[in-house]
Amino acid sequence: MSERKIVRVRDVMKTDFDMVDGMATVSEALTAMRRLQTKCLMVDKRHPDDEYGMLLVSDIARHVLGRDRSPDRVNVYEVMAKPVVSVEPDMDIRYCARLFERFNLTRAPVVESGKVVGIVSFTDMVLRGMHTDSE
């Protein structure tokens with residue numbers, strides 16, 4: 001039986017992400033999403049005892065576009081998910097995938113020492129993690 005190399009979340013996560021303030025408008029958030037070509041933004045904590053939030057394109061589609069609201073008049077905090085399930089960078093991607101399945105997630109922030117260091121998604125785990133397994 002061969003030794004399987006453990007692929008960790010830190011090996012597949014995206015470290016290029018943007019942090020937005022909850023008081024920003026959805027329009028401002030969309031500008032940041034376009035600039036980074038990403039489907040999600042992290043929403044920063046308001047104070048040390050607060051939690052991080054996450055804004056997904058699907059949140060905007062459901063709560064702004066689907067309800068015919070103006071992105072210039074809706075704040076991020078009105079449509080974001082908060083609190084969000086986060087993962088550790090040293091977690092094995094197999095367990096991360098199981099966690100995603102259990103809680104019906106598609107992506108999660110990677111938090112180390114209380115700070116967001118990246119974002120991981122099913123796509124990252126499959127395309128970067130499984131490809132590494134087969135090499």
Side-chain angles (χ1 to χ4, degrees):
M1 187 164 146
S2 65
E3 275 297 308
R4 179 184 146 349
K5 180 185 178 289
I6 294 176
V7 179
R8 305 211 181 269
V9 168
R10 91 166 58 255
D11 300 327
V12 300
M13 71 183 188
K14 288 190 173 111
T15 56
D16 189 20
F17 65 93
D18 209 355
M19 192 74 71
V20 68
D21 187 272
M23 292 302 293
T25 65
V26 168
S27 192
E28 293 166 335
L30 286 169
T31 299
M33 286 177 164
R34 279 191 210 106
R35 185 181 72 249
L36 281 175
Q37 295 183 358
T38 187
K39 297 175 187 171
C40 73
L41 296 173
M42 292 305 306
V43 182
D44 205 0
K45 295 180 176 187
R46 293 173 294 174
H47 52 79
D49 294 321
D50 197 12
E51 294 298 326
Y52 289 108
M54 185 178 273
L55 178 68
L56 302 174
V57 169
S58 58
D59 297 327
I60 296 170
R62 264 194 303 275
H63 300 292
V64 181
L65 181 62
R67 294 184 182 163
D68 199 24
R69 298 172 74 189
S70 169
D72 295 318
R73 297 185 59 162
V74 177
N75 295 94
V76 167
Y77 76 86
E78 296 177 68
V79 297
M80 69 181 183
K82 182 177 178 175
V84 291
V85 175
S86 62
V87 298
E88 294 277 333
D90 290 327
M91 180 184 270
D92 185 321
I93 63 169
R94 293 176 299 161
Y95 295 121
C96 187
R98 291 176 195 170
L99 182 75
F100 276 28
E101 179 61 28
R102 177 168 290 156
F103 291 102
N104 198 27
L105 305 173
T106 57
R107 65 193 75 241
V110 182
V111 177
E112 185 172 41
S113 301
K115 298 285 183 198
V116 177
V117 295
I119 297 175
V120 66
S121 69
F122 264 139
T123 304
D124 301 326
M125 288 185 275
V126 171
L127 295 182
R128 294 181 182 163
M130 290 183 72
H131 182 67
T132 301
D133 279 350
S134 64
E135 290 180 347

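Nothing here was measured: the structure is a model prediction, and the numbers come from that model.
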Identify, with sequence neighbours excluded, every residue that meets ring-ring contact (aromatic ring centres under 6.0 Å, His included) alongside Tyr52.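 By the ring-ring contact (aromatic ring centres under 6.0 Å, His included) rule, Tyr52 matches no residue at all.
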
Of all the heavy-atom pairs spanning [X] and [Y], show the shortest one and how long it is.
{"X": "Pro71", "Y": "Thr25", "answer": "O-CB, 3.7 Å"}
{"X": "Gly129", "Y": "Val12", "answer": "N-CG1, 3.6 Å"}
{"X": "Val85", "Y": "Ala108", "answer": "O-CB, 3.3 Å"}
{"X": "Cys40", "Y": "Met54", "answer": "CB-CG, 4.4 Å"}

What residue pairs, at least two apart or across chains, pass salt bridge (Lys or Arg N to Asp or Glu O under 4.0 Å) with a residue in residues 20-43?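 Every pair satisfying salt bridge (Lys or Arg N to Asp or Glu O under 4.0 Å) with a residue in residues 20-43: Asp18-Arg35.
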
Residue pairs passing the salt bridge (Lys or Arg N to Asp or Glu O under 4.0 Å) test where at least one lies in residues 99-120, sequence neighbours excluded: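 Qualifying pairs, neighbours excluded: Arg10-Glu112.
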
Can you pull the ring-ring contact (aromatic ring centres under 6.0 Å, His included) pairs that have at least one residue in residues 66-109, sequence neighbours excluded?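 Counting only pairs at least two positions apart or across chains, the ring-ring contact (aromatic ring centres under 6.0 Å, His included) contacts touching residues 66-109 are Phe100-Phe122.
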
Any side-chain heavy atom of Val26 within less than 4.5 Å of one from Glu78?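 No, side chains not in contact.
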
Test side-chain contact (heavy atoms from CB on, under 4.5 Å) on Asp50 and Lys82 and set out the steps. CA-CA 10 Å; Asp50 197 12; Lys82 182 177 178 175; 2.8 Å; yes

ILVMFWY cluster membership beyond Leu36 - transitive side-chain contacts under 4.5 angstrom: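 Reading the cluster by chain and number, Leu36 sits alone, since nothing else belongs.
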
N/O donor-acceptor pairs under 3.5 Å from side chains in residues 58-68, not counting sequence neighbours:
unit_1 : atom_1 : unit_2 : atom_2 : d
Asp59  : OD2    : Leu56  : N      : 3.0

Partners of Phe17 by side-chain contact (heavy atoms from CB on, under 4.5 Å), sequence neighbours excluded?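 Phe17: side-chain contact (heavy atoms from CB on, under 4.5 Å) contacts with Met19, Met42, Val116, Ile119.
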
What pairs with Arg8 under salt bridge (Lys or Arg N to Asp or Glu O under 4.0 Å), at least two apart in sequence or on another chain?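 If we apply the salt bridge (Lys or Arg N to Asp or Glu O under 4.0 Å) test to Arg8, skipping adjacent residues, there are no hits.
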
How long is the straight-line distance from CG of Asp92 back to CE of Met125, given to the nearest 0.5 Å?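 Between Met125 CE and Asp92 CG, I get 10.5 Å after rounding to 0.5 Å.
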
Please name all residues satisfying side chain to side chain donor-acceptor pair (under 3.5 Å) with [X], sequence neighbours left out, ordered by chain then number.
{"X": "Asp124", "value": "Lys14, Ser121"}
{"X": "Asp72", "value": "Ser27"}
{"X": "Glu88", "value": "none"}
{"X": "Arg73", "value": "none"}

